[in-house]
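Each chain gets a letter, A, B and so on, in the order its sequence line appears, and its residues count up from 1. These numbers were taken from a predicted model, which means no experiment stands behind them. Heavy-atom basis, side chains included; hydrogens, waters and symmetry copies ignored.
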There are 2 protein chains.
Amino acid sequence: METQATQLELEKAASVLKLLGDKTRLSMVKLLEKNDCCVCEFVAIFDISQSAISQHLRKLKDLGVVKEKRKGQWIFYSLNRESELYALVENILRFVPDQDERISELEKQGLRISCE
Amino acid sequence: METQATQLELEKAASVLKLLGDKTRLSMVKLLEKNDCCVCEFVAIFDISQSAISQHLRKLKDLGVVKEKRKGQWIFYSLNRESELYALVENILRFVPDQDERISELEKQGLRISCE
DNA sequence: TCACTATATCAGCATATGCTAATATAAACA
DNA sequence: TGTTTATATTAGCATATGCTGATATAGTGA
């Protein structure tokens, strides 16, 4: 038996689903499940412009799915686990395959990420 | 602890989320969780054209989220519980509020549904 | 201060989406 | 058979979405 889920307004639930209904954003959120990431990491991982990455993160942040924290010149994004949406997001991510190879691929290619 | 979820391809998962990321379709699927519905019921419930209803159902059917069964002049839609997508759909629906008032509202207004 | 790096924002474009109105298809029934 | 009812399909339109390229903003460090 599954635990009781805190229900969301229909509209809010639909917004989250729509937001995660994009391959790039879903993949980003799955990556954030395990590790916080800075923007430049996403830029290295995905084959789209920095501008596009930034716009995806903006949407995720606007709805409260992720949050940001500046660390020197970098801005790290993480899942917003305090959000009322988090339970739903977490549940969805259980069905989404790990995106870790995206990172290890980068490492193999010597494009190792170094926002430290 | 939650049960182990059967994972879907990223692309497939994103398609489901995108599909359910529409208020009308999410509401439809939530209604189907409890009862099979024929098209005319949806038409009575939602404030959009019969054509629009039909198009939403088509999308849901194309991905395998719902299935249809003709009963005389009516076509009844139901959740496709055999689909590999069903576990995800079911899980999502736990976070979505009941849409039963939509039906009882109709009844109150004397617009009772009668596809029997 | 100036240059460099990281990130965000803006404008513009091509494509996707959801809707309506009109029409087609199919079952039911006189 | 012809009419009515239920549903699907098509065309066309307005708006939303995701992207790029250009530019703005902000921290870092010489």
Original post:
Which nucleotide in the list C:dA28, D:dC19, C:dA8 gets nearest to the side chain of A:H56?
Top reply: D:dC19
**OP:** Round to the nearest Å and state the distance from A:I75 atom CD1 to D:dT28 atom P.
**Re:** 11 Å
Original post:
Whole-Å distance between D:dT7 C1' and B:K69 NZ?
Top reply: 17 Å
**OP:** For A:K61 and C:dA8, give me the distance from atom NZ to atom C1', rounded to whole Å.
**Re:** 9 Å
**OP:** Could you check how far NZ of A:K71 sits from C1' of D:dT28, rounded to whole Å?
**Re:** 17 Å
Subject >> Axial cation check for A:F76 ring with A:K69, 6.0 Å and 45° limits >> reply: no
**OP:** Report which part of the nucleic acid A:K18 touches: base, sugar-phosphate, or nothing (heavy-atom distance under 4.0 Å, all strands).
**Re:** sugar-phosphate
Original post:
Where each residue is assigned the nucleotide of DNA chain D containing its nearest heavy atom, which of A:T24 and A:G72 is assigned the position nearer the 5′ end?
Top reply: A:T24
Original post:
Between C:dC19, C:dA8, D:dG18, which one does the side chain of B:A52 approach most closely?
Top reply: C:dC19
Subject >> d(CG, A:L57; P, C:dA6) in whole Å >> reply: 16 Å
**OP:** Take atom CZ of A:F76 and atom C1' of C:dT5, then tell me their distance rounded to the nearest Å.
**Re:** 14 Å
Original post:
Is it true that the side chains of B:Q99 and B:R102 contain a donor and an acceptor less than 3.5 Å apart?
Top reply: yes
Subject >> Rounded interatomic separation in angstrom, taking CD from B:Q50 and C1' from C:dA21 >> reply: 11 Å
**OP:** Report the nucleotide, chosen from C:dA21, C:dA6, D:dC19, that has the shortest atom-to-atom distance to any side-chain atom of A:I48.
**Re:** D:dC19
**OP:** Please determine, for the side chain of B:S51, which listed nucleotide (D:dG21, C:dA6, C:dA22) has the closest atom?
**Re:** C:dA22
Original post:
Choosing from D:dT10, D:dT5, C:dT7, which nucleotide comes nearest the side chain of B:Q55?
Top reply: D:dT10
**OP:** Look at the side chain of A:V39 and decide which nucleotide, out of D:dG18, C:dT7, D:dA8, has an atom nearest to it.
**Re:** C:dT7
Original post:
Tell me: CG of A:D22 to C1' of C:dT17, nearest whole Å?
Top reply: 14 Å
Original post:
Between B:R58 and D:dA8, is there a side-chain N or O to OP1/OP2 distance below 4.0 Å?
Top reply: no
**OP:** Examine distances only and state if a side-chain atom of B:K30 and a backbone atom of B:P97 form a donor-acceptor pair shorter than 3.5 Å.
**Re:** no
Subject >> Any side-chain heavy-atom pair of A:L31 and A:I45 under 4.5 Å >> reply: yes
Original post:
Going by distance alone, is a donor N or O of one side chain under 3.5 Å from an acceptor N or O of the other, for A:S51 and A:Q55?
Top reply: yes
Original post:
Distance check: side-chain N/O of B:R70 vs OP1/OP2 of D:dA6, anything under 4.0 Å?
Top reply: no
**OP:** Tell me what A:Y77 touches on the nucleic acid: a base, only sugar-phosphate, or nothing, going by heavy atoms under 4.0 Å.
**Re:** sugar-phosphate
Original post:
Which part of the nucleic acid, if any, lies within contact of B:K59, taking any heavy atom under 4.0 Å across all strands shown: a base, the sugar-phosphate backbone alone, or nothing?
Top reply: sugar-phosphate
